[in-house]
Amino acid sequence: MPARRGGPAEARGSPDHLPAGRYSAACTGLYSVYAGSKAPVEHFTRALSKELFGRNINVNSIAPGPMDTSFFYPAETDDSIAYHKSSSMNGELTKIEDIAPCVLFLLTDGWWLNGRTVFVNGGHTTR
């Protein structure tokens with residue numbers, strides 16, 4: 001069965017239906033510092049959203065998981081690349097085209113979300 005790729009219409013769905021996961025929960029070797037640097041982003045997102053509450057400013061973050069970019073490949077082995085691909089629902093790494101609809105959603109229909117980290121990672125891991 002061919003891999004299914006979502007489109008902008010799917011990004012308008014309920015936040016409960018957005019893919020959820022945590023990249024740091026599915027680590028290959030040497031990820032402690034990288035994973036440890038991501039947790040503060042989630043806490044900063046929540047704290048800043050509370051500080052800006054009442055000013056009509058939303059603060060959210062997007063956690064894409066492993067992405068198909070030139071930054072990813074030099075730090076990985078063939079085995080770890082295969083592992084990360086096998087951990088997503090379509091056997092691929094996240095692409096920028098997968099993230100853009102989520103950003104659009106947060107800027108339009110998702111205006112009511114605040115202080116959230118949205119995991120757009122093809123189900124790479126679950127919490």
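The closest side-chain heavy-atom distance from V120 to P64 is not below 4.5 Å. Within the 4.5 Å cutoff, no side-chain heavy atoms of F119 are placed close to those of I62. Counting heavy atoms from C-beta on, the side chains of F105 and V118 never come closer than 4.5 Å.
Atom CD of residue E51 and atom CZ of residue R46 lie 13.5 Å apart, to the nearest 0.5 angstrom. The line from CG of N58 to CG of N114 is 4.5 Å long, rounded to the nearest 0.5 Å. Between S80 atom OG and F72 atom CZ the span is 6.0 Å, to the nearest 0.5 Å. The structure places CG of L93 at 11.5 Å from CG of N121, a figure rounded to the nearest 0.5 Å.
Shortest non-hydrogen contact noted between I99 and M67 is CG1-CE, 4.0 Å. Considering every non-hydrogen atom in both K95 and D68, the closest pair reads NZ-OD2, 3.7 Å. S49 and G115 get closest at one heavy-atom pair: OG-CA, 3.3 Å. Closest approach of L113 and N60 over heavy atoms only: O-ND2, 3.1 Å.
Counting heavy atoms of neighbouring residues, nucleotides and ligands inside a 6.0 Å radius, atom CZ of F53 does not exceed 12 of them.
Taking a 4.5 Å side-chain heavy-atom cut-off between Ile, Leu, Val, Met, Phe, Trp and Tyr, the cluster of W111 extends to W112. L52 belongs to a hydrophobic cluster with F44, L48, I57, V59, counting contacts under 4.5 Å between side-chain heavy atoms of Ile, Leu, Val, Met, Phe, Trp and Tyr, direct or through other members.
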> Can you list the steps and then say if T117 with S61 is a side chain to side chain donor-acceptor pair (under 3.5 Å)?
Replying inline: CA-CA 5 Å; T117 298; S61 58; 2.8 Å; yes

